[in-house]
Protein chains: 2
Amino acid sequence: MVRSKNTRRAILDLGESLLQDQGFNGFSYAHIASQLGVKNAAIHYHFPAKEALGSAIIQRYRDRFDLWINNSRVKDLPPQEKLDWFFSIYTTTRADNGKVCLAGSLENEFNSLPESLRKQTKALTEELLAWLQVTLSEGKAAGSFHFAGDPADKAALILSSLQGALQLARAMGTKKFLAVVEQNKQELLV
Amino acid sequence: MVRSKNTRRAILDLGESLLQDQGFNGFSYAHIASQLGVKNAAIHYHFPAKEALGSAIIQRYRDRFDLWINNSRVKDLPPQEKLDWFFSIYTTTRADNGKVCLAGSLENEFNSLPESLRKQTKALTEELLAWLQVTLSEGKAAGSFHFAGDPADKAALILSSLQGALQLARAMGTKKFLAVVEQNKQELLV
DNA sequence: GTCTATAGGGGGATAGAC
DNA sequence: GTCTATCCCCCTATAGAC
């Protein structure tokens with residue numbers, strides 16, 4: 001049982017990593033198995049189909065984000081530091097072997113995903129946007145953020161730019177990614 | 001010979017469409033062949049390997065962009081209308097069955113692409129960024145654009161957001177994409 | 001230029017032994 | 001829980017006829 005839990009967790013960890021590295025269609029049970037030192041069939045014991053594995057990966061990601069934003073260490077921060085924390089997630093993702101945003105990776109393959117993964121992807125994106133929007137509203141009300149228009153639209157712009165910048169950085173390097181983050185920060189101050 | 005040119009062109013058209021729809025690893029020679037009403041091997045006659053097909057698709061895309069921006073109908077426009085034209089490319093892409101930016105699609109699969117396609121992807125992205133940067137500089141100098149910081153960084157932010165927004169729209173719908181475009185436009189006016 | 005036929009590999013998934 | 005063995009499908013690519 002202990003072994004099972006460890007293996008299951010290791011599969012999820014590796015699957016998440018591969019998903020952000022190669023995309024959903026870019027990794028296989030064989031990849032996970034070989035890197036884990038087990039056989040193909042062992043993965044199928046824990047996740048009968050790839051769709052189930054994918055869904056579990058996204059669900060865990062969503063749960064983790066939910067835990068973070070409701071954790072007092074993030075929840076009680078001033079808006080500006082909240083946003084810095086959010087940006088740092090993406091900076092860490094970039095630093096981790098040039099991975100991309102989980103949501104962005106899935107959206108890119110959206111047209112070939114099974115329905116359950118599309119739903120999970122949409123739910124994740126909605127949660128990211130919702131938190132961003134609220135944080136931006138808070139900051140605007142507190143006078144620490146300055147931007148024109150609807151906080152929902154500004155949230156969509158920031159999230160899009162972060163997802164896009166992680167991808168763009170694969171061709172253009174980390175400097176370009178960091179430039180996008182800094183430009184986003186700077187524009188909120190003016 | 002006429003037949004050949006038509007087939008070659010039809011392959012490129014369909015390949016480009018599939019690339020923006022399903023990604024490079026998401027379409028096959030069989031897909032192209034069946035939609036074209038020819039056989040697998042016919043595609044290989046025109047493009048011996050998939051890498052050659054991919055490279056030709058990107059090259060043609062780059063050539064087309066180059067033609068456009070040096071066309072007097074775009075070249076002689078005021079900066080604001082130039083940028084509107086650029087945005088309209090992405091809006092058209094979104095309207096075309098929810099396709100995504102060619103560069104964004106390729107960057108997402110960057111880690112599994114052969115070297116020649118990585119180079120092409122990088123070159124395309126550089127050309128998009130370079131044109132955007134110059135156009136933003138022109139507009140700033142002319143007083144029609146207002147933004148803080150380096151035009152190169154602003155160009156990276158805008159391009160990232162457009163690529164990201166096309167992907168985000170797959171999960172969240174066209175409204176969110178249009179919101180990102182409008183937010184970008186609005187922020188340049190303030 | 002396009003066809004038929006086929007090689008050779010990788011993918012997801014399952015049955016049954018241990 | 002993990003293994004071996006295997007099935008079946010799709011993929012890229014090639015050889016040779018027409």
Side-chain angles (χ1 to χ4, degrees), chain A residues 1-19 21-58 105-106 108-109 111-118 120, chain B residues 1-19 21-58 105-106 108-109 111-118 120:
Chain A
M1 252 190 273
V2 170
R3 182 75 189 282
S4 158
K5 202 172 179 181
N6 284 347
T7 299
R8 185 187 159 87
R9 184 178 178 163
I11 293 169
L12 285 170
D13 288 345
L14 239 171
E16 183 179 315
S17 175
L18 286 166
L19 189 44
D21 206 75
Q22 308 282 342
F24 186 71
N25 295 318
F27 77 90
S28 68
Y29 274 49
H31 290 143
I32 297 181
S34 74
Q35 287 193 47
L36 241 61
V38 297
K39 296 299 172 183
N40 191 331
I43 319 287
H44 278 283
Y45 170 79
H46 295 282
F47 301 96
K50 200 180 177 186
E51 180 173 351
L53 171 57
S55 187
I57 291 171
I58 309 174
S105 173
L106 290 160
N108 214 276
E109 300 183 271
N111 292 345
S112 66
L113 293 181
E115 185 55 27
S116 69
L117 294 196
R118 293 189 188 197
Q120 286 276 30
Chain B
M1 251 191 274
V2 171
R3 182 77 190 281
S4 161
K5 202 171 179 182
N6 285 345
T7 300
R8 185 188 158 88
R9 184 179 177 160
I11 294 169
L12 285 171
D13 288 344
L14 238 170
E16 183 179 316
S17 175
L18 287 165
L19 189 43
D21 205 75
Q22 309 282 341
F24 186 71
N25 295 318
F27 78 90
S28 68
Y29 273 47
H31 290 143
I32 297 181
S34 75
Q35 287 193 48
L36 240 62
V38 296
K39 296 299 174 183
N40 192 334
I43 319 288
H44 278 283
Y45 169 79
H46 295 280
F47 302 96
K50 200 179 176 185
E51 180 173 353
L53 171 57
S55 188
I57 291 171
I58 309 174
S105 173
L106 290 159
N108 214 276
E109 300 183 90
N111 292 344
S112 67
L113 293 181
E115 184 56 26
S116 68
L117 294 195
R118 293 189 189 196
Q120 286 276 31

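Lettering of chains follows the sequences in order, A, B, ..., and the numbering in each one begins at 1.
Overall, the helix from C:dG1-D:dC18 to C:dC18-D:dG1 carries an axis bend of 0° between its ends, with five pairs at each end and the value rounded to 10°.
Atoms CZ and CG, from A:F27 and A:L53 in turn, are 5.0 Å apart once rounded to the nearest 0.5 Å. A distance of 12.5 Å separates OG1 of A:T7 from NZ of A:K5, quoted to the nearest 0.5 Å.
For A:K5 and D:dG1, the NZ to C1' distance is 16 Å, given to the nearest whole Å. In this entry the distance linking NZ of A:K39 with P of D:dA5 reads 10 Å, nearest Å. Between the C1' atom of D:dC10 and the CD1 atom of B:I43 lies a distance of 16 Å, rounded to the nearest Å. For the pair A:N40 CG and D:dC7 C1', the interatomic distance rounds to 13 Å; values are reported in whole Å. Rounded to whole Å, the distance from NE2 on B:H44 to P on C:dT6 is 17 Å.
The shortest distance between the side-chain N/O atoms of A:H46 and the OP1/OP2 oxygens of D:dT2 is below 4.0 Å. Contact annotation: A:T7 does not reach the phosphate of D:dG1 (side-chain N/O to OP1 or OP2, under 4.0 Å). Residue B:Y45 places none of its side-chain N or O atoms closer than 4.0 Å to OP1 or OP2 of C:dT2.
When each of B:V38, B:N40, B:L18 is paired with B:I32, the side chain to side chain contact (heavy atoms under 4.5 Å, CB included) condition holds for B:L18 and for no other.
Shown here for A:L12 and A:A56, the closest heavy-atom pair between the two residues is CD2-CB, 3.8 Å. Across every non-hydrogen atom of B:A33 and B:K39, the tightest pair is CB-C, 3.7 Å. A:G23 and A:S105 get closest at one heavy-atom pair: CA-OG, 3.7 Å.
Among the heavy atoms of the strands lying under 4.0 Å from B:A41 is at least one base atom, whether or not backbone atoms are also near. Using a 4.0 Å heavy-atom cutoff across all strands shown, B:K50 reaches sugar-phosphate atoms only and no base atom.
Sorted by residue number, the members of residues 22-31 of chain B with any non-hydrogen atom under 4.0 Å from DNA chain D read B:F27, B:S28, B:Y29, B:A30, B:H31.
Seen from the ring of B:F24, B:K50 counts as a face-on cation partner, given the 6.0 Å and 45° thresholds.
The stretch residues 9-18 of chain B participates, sequence neighbours left out, in these salt bridge (Lys or Arg N to Asp or Glu O under 4.0 Å) pairs: B:D13-B:R60, B:E16-B:R60, B:E16-B:R64.
Side-chain contact of B:N111 with A:Q22: a donor-acceptor pair under 3.5 Å is absent, judged by distance alone.
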